[in-house]
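In what follows, a structure is listed as structure tokens, so that the remarks can point back to it.
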Amino acid sequence: MPELPEVETIVRGLASRLPNRRIERIEVFQPRVIIGDIQRAEGFTIAQVRRRGKFVLLDLERGGRRGHLLAHLGMTGQLRLAAEPGPYTRVLFQLDKGALLYNDVRQFGRLEFAERLPARFKRLGSEPLEIGEEEFVRRFRARRAMVKPLLLNQAFLSGLGNIYVDEALFRARIHPRALANRIRPGRAAKLYRAIVRVLREAIAHRGSSISNYVGSDGRRGAFQHLHKVYRRTGLPCPVCGAAIRRILVSQRGTHFCPRCQKIRSGAGRAPEPIGGTLGSARRGAR
DNA sequence: GACGATGTTGGCAC
DNA sequence: GGTGCCAACATCGT
């Protein structure tokens with residue numbers, strides 16, 4: 001759920017409230033979501049709130065010492081201000097004024113305190129809104145991978161998730177299984193512009209609320225109403241009217257228009273659908 | 001009640 | 001470097 005536009009929305013909400021607040025005490029109700037010793041963040045003052053990829057980053061300071069609080073929201077994580085703790089509140093940050101809650105139903109998210117940014121974090125790829133068209137096209141076409149898994153790869157580009165990859169590929173009329181190195185430069189440039197446009201529009205609508213996503217103030221996003229293919233299986237393509245299809249691409253549910261998004265003939269492509277819903281050699285014994 | 005799907009990443013095998 | 005498959009977890013729809 002929380003992809004770049006949702007995380008950006010949360011960060012903007014926090015950025016107007018958290019700077020200069022001091023972290024007095026941290027209560028951990030579910031250790032599973034914590035990496036390392038998060039209590040070390042107690043006593044620090046929040047200097048700045050930032051986003052990097054799908055991470056929320058709080059830059060901390062305490063008498064010349066610096067630190068960072070990293071939050072990845074996984075699938076169902078929420079950072080809330082001015083809210084009451086609930087059954088899914090996993091961590092509570094008691095501030096000198098108010099509190100910050102970390103709620104997470106499925107507990108796939110992670111919170112971590114670090115004095116220096118960890119290596120995993122530094123391996124993140126470029127920000128889609130900062131990389132620039134030429135650079136994107138050059139790097140994109142240098143990869144021999146299916147476009148969908150490539151765009152989901154956070155080391156290649158950081159911040160895109162299942163929703164926005166499907167939406168951007170639709171707008172650029174690229175088949176999710178097409179191979180990146182077979183996409184012509186003009187089409188790759190179109191993809192870049194589609195990604196930027198979709199992300200900007202989604203941010204303007206405060207993200208997509210498919211299941212439980214809400215901003216730091218508890219408000220839902222509205223971009224889900226503007227999705228053209230994501231979770232619209234069987235509904236007519238807004239461009240040509242063909243029924244939107246759902247297939248599996250590297251284990252991820254993938255939505256596209258079979259008429260608008262074709263793999264150009266002669267261009268490389270990955271093996272056909274492989275059943276998608278059938279498949280015999282799966283369903284292993286745990 | 002059982003099953004499959006859900007926006008996340010990471011680890012393993014090949 | 002790239003893909004497939006599984007794992008973590010809880011909820012919801014069929």
Side-chain angles (χ1 to χ4, degrees), chain A residues 1-10 29-35 52-56 70-78 86-90 102-112 118-121 123-125 139-140 142-156 158-168 176-182 198-199 202 207-214 220-221 223-224 227 229-234 246-255 268-286:
Chain A
M1 129 223 210
E3 303 181 28
L4 188 154
E6 290 76 30
V7 178
E8 178 67 24
T9 301
I10 291 168
F29 305 113
Q30 175 50 270
R32 181 190 302 280
V33 304
I34 301 298
I35 296 176
R52 177 73 173 92
K54 299 176 188 173
F55 283 86
V56 174
L70 283 61
H72 192 294
L73 307 180
M75 298 260 265
T76 53
Q78 303 177 336
Y88 302 116
T89 297
R90 311 303 185 182
Y102 178 66
N103 298 338
D104 191 348
V105 175
R106 291 178 67 180
Q107 303 168 213
F108 287 168
R110 293 293 180 265
L111 301 181
E112 174 177 15
R120 314 189 315 286
F121 190 81
R123 276 196 287 273
L124 287 173
R139 291 196 207 169
F140 181 77
R143 301 293 284 262
R144 193 184 71 241
M146 289 190 286
V147 297
K148 171 132 183 185
L150 179 59
L151 294 177
L152 286 175
N153 182 347
Q154 302 297 298
F156 175 71
S158 60
L160 294 183
N162 215 29
I163 297 174
Y164 298 105
V165 167
D166 281 6
E167 292 296 321
R177 287 187 205 268
L179 298 181
N181 62 347
R182 310 300 292 266
V198 166
L199 293 177
S208 302
S209 286
I210 298 295
S211 74
N212 78 333
Y213 163 74
V214 291
R220 288 167 56 85
F223 193 67
Q224 65 278 13
H227 291 171
V229 291
Y230 184 75
R231 284 242 186 154
R232 294 180 52 81
T233 311
R246 177 182 184 277
I247 60 175
L248 282 183
V249 178
S250 59
Q251 306 308 116
R252 307 299 301 275
T254 299
H255 313 76
R269 115 196 44 177
E272 257 316 276
I274 325 178
T277 53
L278 302 176
S280 43
R282 57 206 254 279
R283 179 83 301 128
R286 42 188 284 111

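Here is the naming used below: chain letters follow the sequence lines, and residue numbers restart at 1 for every chain. Quantities reported herein were computed from a predicted structural model and do not represent experimental measurements.
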Send over the distance from [X] [atom1] to [N] [atom2], rounded to a whole Å.
X: A/I210; N: C/dG13; atom1: CD1; atom2: C1'; answer: 15 Å
X: A/Q224; N: B/dT6; atom1: CD; atom2: C1'; answer: 15 Å
X: A/N153; N: B/dG10; atom1: CG; atom2: C1'; answer: 12 Å
X: A/N162; N: B/dG7; atom1: CG; atom2: P; answer: 5 Å
X: A/L160; N: B/dT8; atom1: CG; atom2: P; answer: 10 Å
X: A/I35; N: B/dT8; atom1: CD1; atom2: P; answer: 17 Å
X: A/Q154; N: B/dG7; atom1: CD; atom2: P; answer: 14 Å
X: A/R123; N: B/dG10; atom1: CZ; atom2: C1'; answer: 11 Å

Next on the checklist: Applying a 4.0 Å non-hydrogen cut-off, can you work out what A/R110 is touching in the nucleic acid: base, sugar-phosphate, or nothing?
Outcome noted: nothing
Next on the checklist: Nearest to the A/A145 side chain among C/dT3, B/dT6, B/dG7, which nucleotide is it?
Outcome noted: C/dT3
Item to check | Minimum-distance nucleotide to A/R246 side chain [options: C/dT3, B/dT9, B/dA5] | outcome: B/dA5
Item to check | Stacking check A/F108 vs C/dA8 (5.5 Å / 30 deg) | outcome: yes
Checklist entry - Are A/R52 and A/S158 linked by a side-chain donor-acceptor pair shorter than 3.5 Å? => result yes
Item to check | Interatomic distance at P, C/dC6 relative to B/dC3, whole Å | outcome: 16 Å
Checklist entry - Given the P atoms of C/dC5 and B/dG4, what is the spacing between them in whole Å? => result 15 Å
Checklist entry - Is A/V147 close to A/L179 at the side-chain level, that is, under 4.5 Å between some pair of heavy atoms? => result no
Would you say [N] has OP1 or OP2 under 4.0 Å from some side-chain N or O of [X]?
X: A/K54; N: B/dG7; answer: no
X: A/R143; N: C/dG2; answer: yes
X: A/R32; N: C/dC9; answer: yes
X: A/Q107; N: C/dA10; answer: yes

Next on the checklist: Checking base pairs now: Watson-Crick or wobble, both atom distances under 3.5 Å. What partners C/dG13?
Outcome noted: B/dC3
Item to check | Paired nucleotide for B/dT8 [Watson-Crick or G-U wobble; both distances under 3.5 Å] | outcome: C/dA8
Checklist entry - A/Q251 or A/L150: which one's nearest nucleotide on DNA chain C is closer to the 5' end? => result A/L150
Checklist entry - Which value, rounded to the nearest 0.5 Å, describes the distance between A/R143 atom CZ and A/N181 atom CG? => result 10.5 Å
Checklist entry - Rounded to the nearest 0.5 Å, how far apart are OG of A/S208 and OH of A/Y230? => result 9.0 Å
Checklist entry - Can A/D166 and A/R231 be said to form a salt bridge (Lys or Arg N to Asp or Glu O under 4.0 Å), step by step? => result CA-CA 10 Å; A/D166 281 6; A/R231 284 242 186 154; over 6 Å; no
Item to check | More than 12 heavy atoms of other groups within 6.0 Å of A/R220 CZ | outcome: yes
